[in-house]
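Here is the naming used below: chain letters follow the sequence lines, and residue numbers restart at 1 for every chain. Nothing here was measured: the structure is a model prediction, and the numbers come from that model.
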Amino acid sequence: MTTPSAHRLNPLHLMAAFGTGGLLTLMVHFNGELGRYGNALFSSWAAHGTGTVAALVLLAILYPWRSRSEGAKPRAPLWSYLGGISGAVTVMLTSFTVNSPLALSGTLALGLAGQVIFSIVADRWGLFGLPMRRPDRRDLAAMTLILAGSALIILFGRGEA
Amino acid sequence: MTVPILFACLAGVLVGVSRQVNGRLSLSTSPLIASFWNHVVGFVALSILGLSIGGLIPAGAAQAPWHAYIGGSIGVIFVAAGSWLIARIGAVNTALLVIGGQMVSGVALDLMQGVSAGLLASVLGVALILAGMALTQRRR
């Protein structure tokens with residue numbers, strides 16, 4: 001099953017993804033502040049703990065509106081519950097690399113490269129049970145522009161952050 | 001220098017793996033439930049790590065202002081949104097648009113805090129990102 005990406009993106013999805021990037025900036029900002037009072041491990045540990053509580057509160061609030069179509073959904077494989085392990089290892093790796101000669105900008109730039117290369121592979125082969133997608137020429141042009149802009153900001157724009 | 005470079009690239013790959021795996025879980029449950037499991041499992045993994053190497057709760061933690069502790073709640077929405085999006089627009093679009101949003105809002109945050117180092121490069125970078133986003137919106 002290959003989803004043709006020829007049709008334009010739903011603008012709502014585009015704005016949601018762009019806004020999600022804004023949430024990431026806020027999250028990194030607050031977690032970074034907590035890291036300065038403690039350390040990177042504590043900051044991430046506390047964020048996962050408070051996040052667990054926040055998720056439970058949200059689930060309780062939204063309980064009356066939960067989806068009723070349980071029967072129609074495929075069963076979740078056991079490994080799909082382990083995404084958090086990947087996040088925990090990411091914290092360990094980046095708290096090492098920001099203190100290496102790479103510093104924050106190098107960590108961000110190489111992390112961006114790793115993320116984009118993985119996402120291309122993931123879409124191409126539909127990794128981890130998600131739909132396959134093939135990029136067209138316009139997708140590649142958009143990718144080039146966004147990556148070039150991000151590299152400029154990371155390497156020359158935000159100074160010695 | 002090879003090890004830090006490999007680690008930094010691997011960290012990026014793992015951000016993608018995590019979003020892909022959470023996206024798969026959200027197909028069978030819901031984005032918020034996927035985000036909940038992501039946080040519980042990450043919390044357990046980091047607790048084990050912290051207890052084994054020590055120093056999990058550093059002395060300065062109690063002095064941190066309350067707002068330093070709201071990153072985790074923002075993260076719940078962030079993970080849920082990523083899980084919802086990746087099943088709809090794919091991994092590449094999700095990664096690129098989230099990165100674009102992160103960069104543009106990061107520049108905005110710098111400006112609000114009065115940091116104007118590298119302003120020219122930042123403005124140029126924001127322009128390129130917005131042009132890339134506009135390109136994904138153009139009808140063929």
Side-chain angles (χ1 to χ4, degrees), chain A residues 9 13 17-18 20-27 30-31 33-34 37-39 42 45 47-52 54-55 73-74 76 80-81 83-88 90 93-94 97 100 102 107 110-111 114-115 118-119 122-123 128-130 133 142 145-146 148-150 152-153 156-157 159, chain B residues 4 7-9 11-18 20-25 28 36-43 45-46 58 60-61 64 68 70-76 78 81 85 89-92 95-103 105-106 117-118 121-122 125 128-129 131-132 135-136:
Chain A
L9 279 181
H13 291 160
F18 193 69
T20 301
L23 284 181
L24 185 57
T25 295
L26 288 177
M27 186 180 89
F30 289 121
N31 288 348
E33 188 165 347
L34 190 52
Y37 282 90
N39 55 51
F42 170 74
W45 177 74
H48 280 85
T50 55
T52 299
K73 291 177 179 173
S80 70
Y81 287 89
I85 301 273
S86 185
T90 305
L93 293 175
T94 54
T97 57
S100 79
L102 290 179
T107 300
L110 292 171
Q115 206 186 134
F118 173 80
S119 70
D123 271 354
F128 297 102
L130 290 185
R133 300 171 71 97
L145 285 172
I146 293 175
S150 302
L152 261 182
I153 293 171
F156 306 107
Chain B
F7 276 17
C9 292
V13 169
L14 288 175
V15 168
V17 170
S18 172
Q20 200 85 6
V21 171
N22 289 329
R24 174 62 190 84
L25 180 56
S28 293
F36 166 74
W37 282 107
N38 176 80
H39 282 80
V40 175
V41 170
F43 184 70
L46 290 167
I70 65 175
S73 305
I74 297 173
V76 170
F78 174 76
L85 283 164
I89 62 174
V92 172
L96 286 175
L97 292 170
V98 170
I99 290 166
Q102 184 190 8
M103 293 299 138
S105 57
S122 296
L128 286 174
I129 291 169
L135 197 56
T136 69

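- B:S18 contributes atom OG, which lies 10.0 Å from atom CZ of A:F128 (distance to the nearest 0.5 angstrom).
- For the set B:A81, B:A131, B:S105, the entry with the most heavy-atom pairs within less than 4.5 Å of chain A is B:S105.
- Of the atoms belonging to A:Y37, heavy atoms from both backbone and side chain fall under 4.5 Å from chain B.
- Of the two parts of B:I89, the backbone and the side chain both hold a non-hydrogen atom closer than 4.5 Å to a non-hydrogen atom of chain A.
- A tilted orientation is assigned to the rings of B:H39 and A:H48, their planes being inclined by 30° to 60°.
- Counting only distance, with no hydrogens or angles, the side chain of A:T107 and the backbone of B:A8 share no donor-acceptor pair below 3.5 Å.
- B:V76 touches chain A through its side chain: at least one heavy atom from C-beta onward sits under 4.5 Å away, while N, CA, C and O do not.
- Comparing B:A64, B:G23, B:A61 by heavy-atom pairs within less than 4.5 Å of chain A, the highest count is held by B:A64.
- Taking each heavy atom of A:A54 and B:S73 in turn, the nearest pair found is CB-OG, 3.6 Å.
- Between chain B and the residues A:G38, A:G114, A:A88, A:G87, the most heavy-atom pairs under 4.5 angstrom are made by A:G114.
- Closest approach of B:Q102 and A:T25 over heavy atoms only: O-OG1, 3.0 Å.
- To the nearest 0.5 Å, atom CD1 of residue A:I85 and atom CG of residue B:L14 are 11.0 Å apart.
- Heavy-atom distances place both the backbone and the side chain of A:T20 under 4.5 Å from chain B.
- Considering all non-hydrogen atoms of both residues, A:A142 and B:G132 come closest at CB-O, 3.4 Å.
- Exactly one residue among B:V98, B:I99, B:V17, B:V13 makes a side chain to side chain contact (heavy atoms under 4.5 Å, CB included) with A:Q115. That residue is B:I99.
- Taking each heavy atom of A:I146 and B:L96 in turn, the nearest pair found is CG2-O, 3.6 Å.
- For the set A:T97, A:N31, A:D123, A:L152, the count of heavy-atom pairs under 4.5 angstrom toward chain B peaks at A:D123.
- For the residue pair A:R133 and B:G90, the shortest heavy atom distance occurs at CD-CA, 3.4 Å.
- Considering OG of B:S122 and CD1 of A:I153, their distance stands at 6.0 Å, rounded to 0.5 Å.
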* To do: Quick one: do A:L9 and B:L97 satisfy side chain to side chain contact (heavy atoms under 4.5 Å, CB included)? Show the steps, please.
  => CA-CA 11 Å; A:L9 279 181; B:L97 292 170; 3.9 Å; yes
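- Contact tally against chain B (heavy-atom pairs below 4.5 Å) for A:G22, A:A76, A:A17, A:G83: the top residue is A:A17.
- The OG1 atom of A:T90 lies 12.0 Å from the CZ atom of B:F7; values are rounded to the nearest 0.5 Å.
- How far CZ of B:F78 is from CG of A:L24: 4.0 Å, rounded to the nearest 0.5 Å.
- Of all non-hydrogen atoms in B:P58 and A:N39, the two that sit nearest each other are CG-ND2, 3.8 Å.
- A 6.0 Å sphere centred on CH2 of B:W37 holds no more than 12 heavy atoms belonging to other residues, nucleotides or ligands.
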